[in-house]
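Read the structure below first, then the notes.
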Protein chains: 2
Amino acid sequence: MTELTNLALFAGMSPAAIEEQMTVLRGQKTSVPKGSVLIREGERTERCGILLSGHLQGQQIDEDGGLSVITTLSAGMMFGEILIFSDRPAPVTLTAVTDCRVLWLGPVDLSRADSRLIQNLLNIIGKEYWALHQKIRYCSIVSLRKRILAYLSDREKSPNEPFSVPFDRNGMASYLNADRSALSRELSRMKRDGILDYHKNRFRLTEKKL
Amino acid sequence: MTELTNLALFAGMSPAAIEEQMTVLRGQKTSVPKGSVLIREGERTERCGILLSGHLQGQQIDEDGGLSVITTLSAGMMFGEILIFSDRPAPVTLTAVTDCRVLWLGPVDLSRADSRLIQNLLNIIGKEYWALHQKIRYCSIVSLRKRILAYLSDREKSPNEPFSVPFDRNGMASYLNADRSALSRELSRMKRDGILDYHKNRFRLTEKKL
DNA sequence: ATAATTCTGTTGCCATAGCAACCGATTTTG
DNA sequence: CAAAATCGGTTGCTATGGCAACAGAATTAT
């Protein structure tokens, strides 16, 4: 239970209050094997959840059967929380890319919810909304090189420090709306041009962006 | 005051309750001339608002000074409501593309907010979130023709019926992440191919999409 | 009414990046 | 451990669509 106190949803709440909300929200921990689908695009859901461990991806499938990665979720992040208060169906399919543990919540009765919890919820929604806007910003950059650079710069914690991205090349290409081979090619070029260095999913930006 | 009862934020609330919340939320109607900036990208804001009349656009400016249209808002829609509960700065600049009337709200004290109001708020947020996902879906379609078609199909209310888009060509191109002339060219071709017909910002989809 | 500005369509040029195909490296599975 | 599958890089081909420039239409301003 102690791990719950670290969750953003319960930030600033006493263990007792958390305990109570866990009952109200019908919290339920489950194990989710790699490859499982937690939420399916186009379907309504009344539950949301928090990823306790593992790695999720939000994906869309286009009419040609192509898979497009929209989001990645790492431990501690929440999902579906916007959905449950709206009449809209899920915009993405949520898939476990590794084995996961998930805390399911809901259905949620707003009138019985702690006001601090709602505040936390809105905060979380704000962050997610922001992340979507980031993705849109990347999308709208025409030049692949600039797009890659924009993304990597945002991931960089401090200048010149190596950092990792939550994708393999395929996922990264998909997230950045690019072809995998085109991404590989451009990364090679950027390495050649001394802009960055990388190995697998670890990157390091070297000098000024051009 | 009566126009307030039609707003999604106050849905299902009594005139008296609305009146009260208007005080709590410090509602304030203002006129906003065309071209004004309501929220500036990168800045924090403590107020949100509802567009009573006119037309707004959410825009991002990329590093090359290019303008990218992210959203359009028409009368009745809310803006900034996600922002005020999060510590993130505004992801877009909100600009009045026509003269507008705006109802400003905030700062908001969650603990004094009507629970129905919060429910409405979450609902509105859900819709906006969904709209963003739509835009992302369009972005991730590589073929310009298919991208246009996806967008127009979503706007079409019923088959074969004409409908309008809330953009001029420039805005539409920007929203669809395309070059204006490329969009014009592709629209011409699609008209030639009998896929659609249009005049200015009114469109009509004719036969099956290919 | 006339001028000025904005909007839309058109066209030529051509670089970017998508696609396919291949290969070696790495990881997973049995 | 071997076999299979996934992953990442490379390369050639080429269509798409970005860019620039122009012109006529439409809208707005004076």
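These figures come from a predicted structure and were not determined experimentally. The figures that follow rest on heavy atoms only: side chains count, while hydrogens, waters and symmetry mates do not. Residue numbers begin at 1 in each chain, while the letters A, B, ... track the order of the sequences.
Partners of Y151(B) under the ring pair (Phe, Tyr, Trp, His ring centres under 6.0 Å) rule, at least two apart in sequence or in another chain, are Y138(B), Y175(B). Judged as a side chain to side chain donor-acceptor pair (under 3.5 Å), and not counting sequence neighbours, the contacts of S181(A) are D179(A).
Counting only N and O atoms by type, the side chains of T95(B) and Q59(B) include a donor and acceptor under 3.5 Å apart.
Counting only residues at least two apart or in different chains, salt bridge (charged side-chain N to carboxylate O under 4.0 Å, His left out) contacts with residues 153-178 of chain B are absent. Among residue pairs with one or both ends in residues 27-80 of chain B, those qualifying as ring pair (Phe, Tyr, Trp, His ring centres under 6.0 Å) are F79(B)-W104(B); sequence neighbours excluded.
When atom types are taken as modelled, the side chain of T206(A) and the backbone of I195(A) share a donor-acceptor pair closer than 3.5 angstrom.
In this structure, R101(B) pairs ionically with E3(B), as a charged nitrogen and a carboxylate oxygen lie closer than 4.0 Å. Taking 4.0 Å as the cut-off between side-chain N and carboxylate O, E186(B) and R147(B) do not count as a salt-bridged pair.
Atom CZ of R189(B) and atom P of dG9(C) are 14 Å apart (whole Å). Between L67(B) atom CG and dC7(C) atom P the separation is 12 Å, expressed in whole Å. Rounded to a whole Å, the CG atom of L144(A) is 6 Å from the P atom of dG18(C). Across the protein-nucleic acid pair, L176(A) atom CG and dG18(C) atom C1' stand 15 Å apart, rounded to whole Å. Atom CG in N170(A) sits about 18 Å away from atom P in dT26(C), given to the nearest Å. Taking atom NE2 of H199(B) as the reference point, atom C1' of dG9(C) lies 13 Å away to the nearest angstrom. Computed from coordinates, the E186(B) CD to dT8(C) C1' distance equals 16 Å when rounded to whole Å. Distance L183(A) CG to dA17(C) P: 11 Å, rounded to the nearest Å.
Surrounding CD of Q134(B) are more than 12 heavy atoms belonging to other residues, nucleotides or ligands, all under 6.0 Å away.
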(request) Dot-bracket notation for DNA chain D is requested: 5' to 3', Watson-Crick or G-U wobble pairs only, both distances under 3.5 Å, with ( ), [ ], | and . as defined. (result) ||||||||||||||||||||||||||||||
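Using a 4.0 Å heavy-atom distance criterion, N201(A) is classed as making no nucleic acid contact. Nucleic acid contact for D179(A): base, since at least one base atom lies under 4.0 Å from a heavy atom of the residue.
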All N/O contacts under 3.5 Å from nucleotides 9-15 of chain D to the protein, with atom names and distances to one decimal?
from: dG9(D); atom 1: OP2; to: R169(A); atom 2: NE; distance (Å): 2.8
from: dG9(D); atom 1: OP2; to: S184(A); atom 2: OG; distance (Å): 3.0
from: dG9(D); atom 1: N7; to: R180(A); atom 2: NH1; distance (Å): 3.0
from: dG9(D); atom 1: O6; to: R180(A); atom 2: NH2; distance (Å): 3.0
from: dT10(D); atom 1: OP2; to: S188(A); atom 2: OG; distance (Å): 2.3

